[in-house]
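Below is one structure; the comments refer to it alone.
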Amino acid sequence: MPPRWHRNRQTVRRSSIDWGANKLLAALLVTPQRRSSGRHDSRGAHVRYAPMRLSRYPISTLKEIPGDAEVVSHQLMLRAGLIRRSAAGLYVWLPMGLRTLKKVEQIVREEMNRAGAFELCMPTIQPAELWIESGRWRKYGPELLRIKDRHDREFVYGPTHEEVITDIARRELRSYKQLPVNFYQIQSKFRDEIRPRFGVMRAREFLMKDAYSFHTDAASLAEGYRLMFDAYTRIFTRMGLKFRAVQADGGSIGGDTSQEFHVLADSGEDAIAISDADDYAANLETATSAASAAPRHGPVEPLTKVATPNVRTIAEVCALLGVEAARCVKTLLVDGSAGDVVALVIRGDHELNAVKSQKLDGIASPLRMASTERIRASTAAEPGSLGPLGFKGTIYVDRAAAHLADFVCGANDKDTHYRGVNWGRDLPEPRVVDIRIVQAGDPSPTGRGTIKIARGIEVGHIFQLGQLYSAAMNASVLDEEGKALTMHMGCYGIGVTRIVAAAIEQNHDANGIIWPQALAPFQVVLVPLNYQKSAQVQEIADALYRDFNAVGIDVLLDDRDARPGVKFADSELLGIPHRIVIGERSLKAGKLEYRHRRETESSEISAADPVGYIRDRLNS
RNA sequence: CGGGGUGUAGCUCAGCCUGGUAGAGCACUACGUUCGGGACGUAGGAGUCGCAGGUUCAAAUCCUGUCACCCCGACCA
């Protein structure tokens, strides 16, 4: 069933504005009966149904929150009629929402162009051969949507475009003189997420700006990477978002150096560690802290074995023995890459970081905890009384655990623990690694300040890929000596659709969205009161509407025959930054009422030059 | 994929336990009154009760299967 848009019984006045290409749209919006009764201008085109009059604009706001929307941005996007769900993780962008999406796109495009990147457009459907060649046909897993055409040939719906761009680059680029170069596109991606959620925030099909740069060497790549870092900083700054660039893990895309851009919001899915004294910031997955500088204390206590019946957790051990968790050590057994079991030792009050751990030699990636059967087979102990003492096999010890003296650990014997354990005396000196999750209050690794934990929404990610794909796909150019040179690559993503949701998460109140100026679908909403009754109100509202359009300010005229409360509520839900109320009451005094979406009180402005007033505010 | 939950009008939901043939509010249509913060009245349109099978004189309701969606965990822009 088609939605029913707001209608206006009243005949709209003839407008002098030339709508150009919008005429066709305007004509299409007209119902058949109306078309027959409409009037035509001298060129025979329809001009009566100006598209930015709310009586004709297809908005459909909801008072109630659709039941499946969990986070505010999803709720507000549905309530304001920006998107509608088509299937799990698949969304339709309605006209009002698309306006904001296009603004995001345009800012990204302008800044990418300014950084010297070239826009191109790759197909969403990609041939399987390229993925087989890069090795990701096997590696990518079920998130990759694989499809067949009528000839039974295999394709994928692209979740990313490294293969296609590398293929193009190796065919088009021949000489080092053509480098460095950066290509980007703003294109739909499909990732068959296990659990799409939060509306457009984690959708399966989404819009992404993806850029790929090609270089002769690592130094040039680092320079190109820096250019992208700067471009991203400008992009998110222009959008009026509070964001933070953080160190990141390469994940499935691969590569060494990588940073994420996070929009800070409490509802964010990612935790990030931020120093309170300098610019250190990292995804919790890779965040580290300063290792203790002081030397380890020497042994004092003798090694003693104590009975700890039915004690399994660190908390229980502490309670029984009267020691702090920070003086205990916990030993976690994980699957090794050779079918064995590897022991990871961390301090009792710390937690294991899976991303850091799975990078260690001899550990299976992704990280898996060893099954109870395997634990029994390799140690003859039960989980709960495991320890490094007497463990046969590889042992990795976290820096903080390695710094302990006279500590407590499991004895690898059911219902017993050791206390007074010391590295070097009772055990060999450990293999020291960094495998724990940093905690709020830890010292920053830069040596200045302490770590705070914040939450963020990842809206951008930049990588130095190196020769990962170019080597696999043999993408080379000739160097100065005429020898083949494997190109160095960087890749740079921005979640275009996700930005819209992230901006709302960061900018809303109880009444609705509060768009940052750069993302607002319209800058100004005109709210005439009694538009249908008062000739004066109608005349002034129409004139203002023409004037704003004439100077190129996006304006929406709420000419609906609705009560004031409805118009106010909708203008706030939609989050239009500037609202001008045209009412007979203030017109008598030669005034209009102005209110910014962030303000709680209206102010009177002169009716003489509202366009100039708004223009000043837009520029300030 | 594992665990939990829900499918009844465009939206939010009641009815289901205890079978008796479909409801409310919002939205929509018409008319009237109203009109500076989501009005009111009257009338109206709209649902194969997710789908399939079964039990029964009778199924939204009970049973079986199936599909879809949502929530909690490992992935990502």
Looking at [N], which nucleotide sits across from it as a Watson-Crick or G-U wobble partner, both distances under 3.5 angstrom, or is there none?
N       : result
rC26(B) : rG10(B)
rG47(B) : none
rG2(B)  : rC72(B)
rA39(B) : rU33(B)

Is [X] touching bases, backbone alone, or none of the nucleic acid, heavy atoms closer than 4.0 Å?
X         : result
Gly565(A) : sugar-phosphate
Leu78(A)  : nothing
Gly460(A) : sugar-phosphate
Glu70(A)  : sugar-phosphate
Arg84(A)  : nothing
Asp270(A) : base
Glu572(A) : base
Ser586(A) : base
Lys189(A) : nothing
Arg202(A) : base
Ala203(A) : base

In whole angstrom, give me the gap between the [atom1] atoms of [N] and [M].
N       : M       : atom1 : answer
rC40(B) : rG47(B) : C1'   : 27 Å
rG32(B) : rG23(B) : P     : 30 Å
rA9(B)  : rA14(B) : C1'   : 14 Å
rC13(B) : rG36(B) : C1'   : 33 Å
rU34(B) : rG41(B) : C1'   : 11 Å
rC63(B) : rC16(B) : P     : 14 Å
rA59(B) : rC17(B) : C1'   : 15 Å
rU29(B) : rG10(B) : P     : 16 Å

Could you state the atom-to-atom distance from [atom1] of [X] to [atom2] of [N] in whole Å?
X         : N       : atom1 : atom2 : value
Glu162(A) : rA77(B) : CD    : C1'   : 12 Å
Lys63(A)  : rG10(B) : NZ    : P     : 19 Å
Phe190(A) : rC76(B) : CZ    : P     : 16 Å
Lys567(A) : rG36(B) : NZ    : C1'   : 11 Å
Arg498(A) : rA77(B) : CZ    : C1'   : 5 Å
Phe198(A) : rC71(B) : CZ    : P     : 7 Å
Glu64(A)  : rA14(B) : CD    : P     : 12 Å
Leu62(A)  : rA27(B) : CG    : P     : 11 Å

Residue closer to the 5' end of RNA chain B, Gly493(A) versus Arg79(A) (nearest nucleotide): Arg79(A)
Would you mind telling me which residue lines up with the more 5' stretch of RNA chain B, Ala87(A) or Glu143(A), judged by nearest nucleotide? Ala87(A)
Are Leu94(A) and Leu82(A) side-chain neighbours, meaning at least one heavy-atom pair lies under 4.5 Å? no
Could you tell me how the ring of [X] sits relative to the ring of [Y]: parallel (under 30°), tilted (30 to 60°) or perpendicular (over 60°)?
X         : Y         : result
Phe243(A) : Phe236(A) : tilted
Tyr225(A) : Tyr492(A) : tilted
Phe183(A) : Phe118(A) : tilted

Flag if over 12 foreign heavy atoms under 6.0 Å of CD, Gln536(A): yes
Establish, with yes or no, whether the OP1 or OP2 oxygen of rC76(B) is under 4.0 angstrom from a side-chain nitrogen or oxygen of Arg197(A). no
Does a side-chain N or O of Arg585(A) approach OP1 or OP2 of rG36(B) to a distance below 4.0 Å, or not? no
[N] base to [X] side chain: any donor-acceptor pair below 3.5 Å?
X         : N       : result
Arg85(A)  : rG10(B) : no
Asn530(A) : rG36(B) : no
Arg595(A) : rG37(B) : yes

So, Thr160(A) and Glu162(A): side-chain donor and acceptor under 3.5 Å apart, yes or no? yes
Checking rC35(B), rA77(B), rA39(B) against the side chain of Phe463(A) (C-beta onward), the nearest is rA77(B)
Between rA77(B), rG38(B), rG36(B), which nucleotide has the shortest distance from any of its atoms to the side chain of Thr497(A)? rA77(B)
Where Trp515(A) and Leu519(A) come nearest, the two heavy atoms and their spacing: CE3-CB, 4.0 Å
Verify stack between Phe206(A) ring and rA77(B) base, 5.5 Å, 30 degrees: yes
Cation-pi between Arg99(A) and Phe522(A): NZ/CZ under 6.0 Å from ring centre and within 45° of the ring axis? yes
Is it true that the NZ or CZ of Arg146(A) lies under 6.0 Å from the centre of Trp137(A)'s six-membered ring and within 45 degrees of the ring axis? yes
